[in-house]
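Heads up: the structure comes next, in structure tokens.
Given the structure is predicted, the values throughout are model-derived calculations rather than measurements.
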Amino acid sequence: MPERRRTPRPTKRHPWRRPAGTDRADATPRPAPGPPRGEPPAAAADGAPPEVDERSVVDAAVYRDGRRVGTPGSLAATYRRLREEPGAMAWIGLFRPSEGELLSLAEEFDLHKLAIEDAMEAHQRPKLERYGETLFVVLRAARYLDAPEEVDFGELHVFVGPDFVITVRHGAAPDLSAVRARMESTPELLALGPEAVLYAILDAVVDGYAPVVAGVQNDIDEIETEVFRGDPEVSRRIYELSREMVEFQRATRPLVGMLHGLMAGFDKYGTDEELQRYLRDVADHVTHTSERVDGFRSALTDILAVNATLVTQQQNAEMRALAEAGFEQNEEVKKISAWAAILFAPTLVGTIYGMNFTHMPELHWVLGYPFAILLMAVVCVSLYLIFKRRDWL
């Protein structure tokens, strides 16, 4: 791999560097560690800058020619070691840093205040901004959690300057320790400078999308099975996964334009040819992932429509079954009512003739009994014929 020619570190003062031999602008000793994270840094009684809590510094190292030449124990020591090493590069990794740490970095490396505000607040959309010699990149990393079957998103801010890389991580993903180990194991790539570190970080973030894509694909396959099985909880799962795909789109879609923007500046900023190939490969992977995510969202929309159709069909079938049951019940009621009326007629006649009054007509008539039986039969047959004609029997 061709090695980029590195120019000696200039001795004159640059906007992002202080002269060698000085610590801070006021040449005062570094203050002691500040309050615990989450609490605002306390101002000194004499109005000095706020104390810096460095417990969020994951790793800070100085590299020269692709090899680690120093592991300072603090930000101030990193600044000094970088000034003492001509042609060196500092790589500082932070996890949810305090305001004091970011302000210290901004003062040392002349970071733009808008970028510092974004790094403090987090919850930014993926973007790429250039502030003079410094490139500010916001990335949304993702990881798939198997147990709850959901996607967890993290946020990463990267400051890339002429001789420094600063990473500010807000979340569990990505694993930048693995990125650093990879770069240190390939010093010829790390020797290409801060742009190579930016490539490695982009590559790690994009590679982290692959398990998420596989997990989501498996979830969609399970959802399709649940839809046609009639699982009542599937609608909620479709909705939750659709919301995750919206977040996934917001993380991946801007990366396509960001990488094309980087590729457009290859000639202007003299990017190494080998590094150009690596960045183009990352851009291809991002495009593929973005297309897969768009396909997932479209598939979930179709599945939701199919599920709604199946639910409607099931409801219609249930209503039809209820209507048929009601019709059958009505028919049974009509039959019962018809037979009750038929049986009621002879009961009425028999009740009247069973009163045994002394002066009741036909009571002592010889043909009284046959007449009563005949009357009962005629009434019953008549009612039967009437109900049969009306399809009650």
Side-chain angles (χ1 to χ4, degrees), residues 144-151 215-247 295-393:
Y144 186 80
L145 305 179
D146 292 324
E149 294 185 335
E150 61 183 24
V151 183
V216 171
Q217 180 65 67
N218 183 66
D219 287 346
I220 291 178
D221 294 340
E222 292 179 355
I223 286 174
E224 289 177 344
T225 302
E226 293 172 358
V227 164
F228 290 101
R229 195 171 54 197
D231 192 332
E233 298 293 329
V234 70
S235 298
R236 180 184 181 87
R237 189 175 180 187
I238 295 173
Y239 174 74
E240 292 176 349
L241 190 57
S242 297
R243 292 192 62 182
E244 291 179 352
M245 289 305 97
V246 171
E247 290 294 323
F296 287 157
R297 190 175 181 187
S298 177
L300 287 171
T301 302
D302 294 340
I303 292 174
L304 188 61
V306 170
N307 182 64
T309 302
L310 293 176
V311 170
T312 302
Q313 291 178 351
Q314 182 179 2
Q315 291 176 345
N316 291 339
E318 293 175 354
M319 294 296 295
R320 189 182 305 111
L322 288 175
E324 291 176 354
F327 177 77
E328 293 177 358
Q329 185 178 10
N330 188 41
E331 292 297 317
E332 294 297 328
V333 170
K334 289 194 295 185
K335 291 180 180 179
I336 294 173
S337 300
W339 284 112
I342 292 174
L343 295 176
F344 175 73
T347 302
L348 178 62
V349 175
T351 301
I352 293 175
Y353 278 89
M355 292 181 182
N356 295 325
F357 291 116
T358 303
H359 302 288
M360 185 175 178
E362 295 93 16
L363 186 62
H364 300 285
W365 185 29
V366 177
L367 299 178
Y369 176 75
F371 174 76
I373 296 298
L374 179 63
L375 180 61
M376 294 180 187
V378 170
V379 173
C380 290
V381 171
S382 300
L383 290 174
Y384 178 82
L385 294 177
I386 293 173
F387 292 139
K388 188 70 173 178
R389 184 176 300 176
R390 295 184 177 181
D391 294 329
W392 282 38
L393 295 174

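The CD1 atom of Ile223 sits 9.5 Å away from the CD atom of Glu240 when rounded to the nearest 0.5 Å. Taking CG of Asp221 as the start and CD of Gln217 as the end, the distance is 5.0 Å to the nearest 0.5 Å. How far CZ of Phe344 is from OG of Ser337: 13.5 Å, rounded to the nearest 0.5 Å. Atom CD1 of Ile220 is separated from atom CG of Leu241 by 5.5 Å, given to the nearest 0.5 angstrom. Of the inter-residue distances, the one linking Ser298 atom OG with Asp302 atom CG reads 4.5 Å to the nearest 0.5 angstrom.
Looking at every heavy atom in both residues, Ile238 comes nearest to Leu300 through CG2-O, 4.0 Å.
The closest side-chain heavy-atom distance from Tyr384 to Trp339 is below 4.5 Å. Within the 4.5 Å cutoff, side-chain heavy atoms of Glu150 are placed close to those of Glu244. Using a 4.5 Å heavy-atom cutoff, the side chains of Arg237 and Glu222 are in contact. The shortest side-chain heavy-atom distance between Leu145 and Val151 does not fall under the 4.5 Å cut-off. The shortest side-chain heavy-atom distance between Ser242 and Leu304 does not fall under the 4.5 Å cut-off. Looking only at side-chain heavy atoms (C-beta outward), Val306 and Phe228 come within less than 4.5 Å of each other.
For the residue pair Asp219 and Tyr144, a side-chain donor N or O sits within less than 3.5 Å of a side-chain acceptor on the partner.
Under the salt bridge (Lys or Arg N to Asp or Glu O under 4.0 Å) criterion, the residue pairs touching residues 323-334 are Glu331-Lys334, with sequence neighbours excluded.
Surrounding CD of Gln329 are at most 12 heavy atoms belonging to other residues, nucleotides or ligands under 6.0 Å away.
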